[in-house]
Amino acid sequence: MDFFLKSISYILHPVLMPLIGAVIYFTAAPRFIPDEILRSKIFGLIILTVLIPIVLFFLLKSLGTITSIHLEDIKQRKIPLLLQSILLIVVIKMIIDQYHYPELYFFFLGILFSSLSAIFMILFSIKASLHMIGIGSVTMFTVALSIHFGMNFTLLIAALMIANGLVATSRLHCKAHSNLELILGFLIGVIPQLTLANLWL
């Protein structure tokens, strides 16, 4: 059980959440997207939201700026979150345009607001759970997609709700966060998605 709960923190790491949200969108969206365009979008997202952050992690770790991929130390969070915010801006500007993919555009904009909110919390020495921000964002986005497209995503939403519970349990088990920090992280992930959904629902 100890290995399973610790594994959840890696399997559902926040760096993977933007890509997971995009995959859910491209899989569920009832509109034609040419295969070559779909592949280029996914490839670009993998590079900007997964591969580059991993490279930056090893760079920052080698410089002694951070010590763990989970950023347990609140003082080590500012630079990685700032770099993530910059990468999200690049995604919004170069890969996901508002005209062709409005739902996905506002999903990434919501994630950007969540990242900036987490940075703001750092100024007050508040450590919101980045894991809960990530999974909460994807969950709210999926609920909004279900309503928007009029499609039954009950099983997927149920799976995501279970994932929320597993992530929270994992972070508590690892003694990485308090209950309040988990709830705060969930709200920081959900509220921007819920607010921006009004622009495309």
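Throughout, residue positions are numbered sequentially from 1 according to the sequence presented.
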Any side-chain heavy atom of [X] sitting closer than 4.5 Å to one from [Y]?
X	Y	result
Val138	Phe107	yes
Ser146	Ile157	yes
Phe57	Ile52	no
Ile92	Asp97	no
Thr65	Gln76	no
Pro14	Ile133	no
Lys127	His177	yes

Qualifying residues under side-chain hydrogen bond (donor to acceptor under 3.5 Å, both in side chains), relative to Asn198, sequence neighbours excluded: none

Can you give the donor-acceptor pairs under 3.5 Å from side chains of residues 182-189 to other protein atoms, not counting sequence neighbours?
none

Ring-ring centroid check Phe120 Phe124, cutoff 6.0 Å: yes

Linked, directly or transitively: Val91 and Ile86 (ILVMFWY side chains, under 4.5 Å): no

hydrophobic_cluster_shared for Ile47 and Val55, side chain cutoff 4.5 Å: no

Whether Tyr25 and Tyr101 hold their rings parallel, tilted or perpendicular, with breakpoints at 30° and 60°: perpendicular

Aromatic ring pairing His131/His13, orientation class (parallel under 30°, perpendicular over 60°, tilted between): perpendicular

Pairwise distance CG(Leu116) to CD1(Ile111) - rounded to 0.5 angstrom: 12.0 Å

Distance, nearest 0.5 Å, that separates OG of Ser9 from CG of Leu166: 10.5 Å

Within 6.0 Å of CG in Leu155, more than 12 heavy atoms from elsewhere: no

Nearest heavy-atom neighbours spanning Leu130 and Leu81: CD2-CD2, 4.0 Å

Minimum heavy-atom distance Phe106-Gln193, with the two atoms named: O-OE1, 4.2 Å

Results of side-chain contact (heavy atoms from CB on, under 4.5 Å) for Leu83 - residues two or more places apart only: Leu56, Leu60, Ile79

Side-chain donor-acceptor contact under 3.5 Å, Ser115 with Gln84: yes

Exercise: do Asn164 and Thr139 side chains pair donor with acceptor under 3.5 Å: yes

